[in-house]
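Sequence positions, counted from 1, serve as the residue numbers for this chain.
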Amino acid sequence: MFQLSPYPLSSHGKLVRWGLLGFSCTPLIGTYFYHQGYRIGFLVCPIRHLTGIPCPTCGMTRSFIAIAQGDLVQAVAENLFGPVLFASFVIVAIHIALELLTKRRITAFYSHLVKQRKLQIIGLFSVLTYHIIRLYNMSQTEEMYLSFINSPLGKLLF
């Protein structure tokens with residue numbers, strides 16, 4: 001299940017892991033501060049801000065905040081993949097922290113799963129399919145039309 005490498009991490013390997021640890025902890029720390037009421041005004045989705053149309057990751061921040069509040073139903077409602085991504089960040093942060101503490105590479109069962117090309121393609125296909133369904137549902141309520149018309153790009157074009 002878990003296997004510890006007999007060889008110590010190289011200095012480059014440690015540096016990469018420190019970067020991965022920072023990358024995976026940033027959304028978790030951000031979730032904590034958003035849950036505490038802190039906001040960063042300029043941190044918005046550039047695609048949605050420009051076009052009024054959400055990108056595939058729109059709703060992740062709200063989903064992460066719902067997870068922090070313990071509301072898993074709301075987290076899924078905001079973005080179906082929010083809980084999956086949140087759990088992935090937690091697993092990566094713990095895994096990398098353990099590697100840095102032991103100073104050895106740890107191979108786990110999920111390490112092999114993440115590297116499988118078929119699973120990567122299925123994951124990408126699932127995210128894009130979910131996004132297309134979200135856009136279709138928005139177009140049926142005219143929410144997408146109104147968002148686009150009121151966006152900077154919509155005002156520029158019409």
field: Steps toward side chain to side chain donor-acceptor pair (under 3.5 Å) verdict (Q116, H112)
entry: CA-CA 7 Å; Q116 288 186 3; H112 300 293; over 6 Å; no
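Contact detail for L119 and L113: the closest heavy-atom pair is CD1-O, 3.4 Å. Minimum heavy-atom separation, A93 to L21: O-CD1, 3.5 Å. T31 and A68 get closest at one heavy-atom pair: CG2-CB, 3.6 Å.
The shortest side-chain heavy-atom distance between S63 and L80 does not fall under the 4.5 Å cut-off. Counting only heavy atoms from C-beta outward, the side chains of S5 and T107 never approach each other to under 4.5 Å. Between L28 and F86, the closest side-chain pair of non-hydrogen atoms falls below 4.5 Å. Inter-residue side-chain proximity for R105 and R17 is flagged as met; some heavy-atom pair is nearer than 4.5 Å. Counting heavy atoms from C-beta outward, L157 and F148 have side chains that approach closer than 4.5 Å. At a threshold of 4.5 Å between non-hydrogen side-chain atoms, the residues Q74 and E78 count as touching. For the pair F81/P56, no side-chain contact is recorded, criterion being any heavy-atom separation below 4.5 Å from C-beta on. Counting only heavy atoms from C-beta outward, the side chains of H131 and V127 never approach each other to under 4.5 Å.
Taking the six-membered ring for Trp and the full ring otherwise, F64 and Y34 have centroids separated by 6.0 Å or more.
At distances below 3.5 Å, not a single donor-acceptor pair connects side-chain atoms of E143 with backbone N or O atoms of M138. The backbone N or O of M144 lies less than 3.5 Å from no partner atom in the side chain of S147, so there is not a single donor-acceptor pair.
Atom CD1 in I94 sits 14.0 Å away from atom CZ in F89 (nearest 0.5 Å).
Residues passing the side chain to side chain contact (heavy atoms under 4.5 Å, CB included) test with C55 are C45, I47, T57, C58, sequence neighbours excluded.
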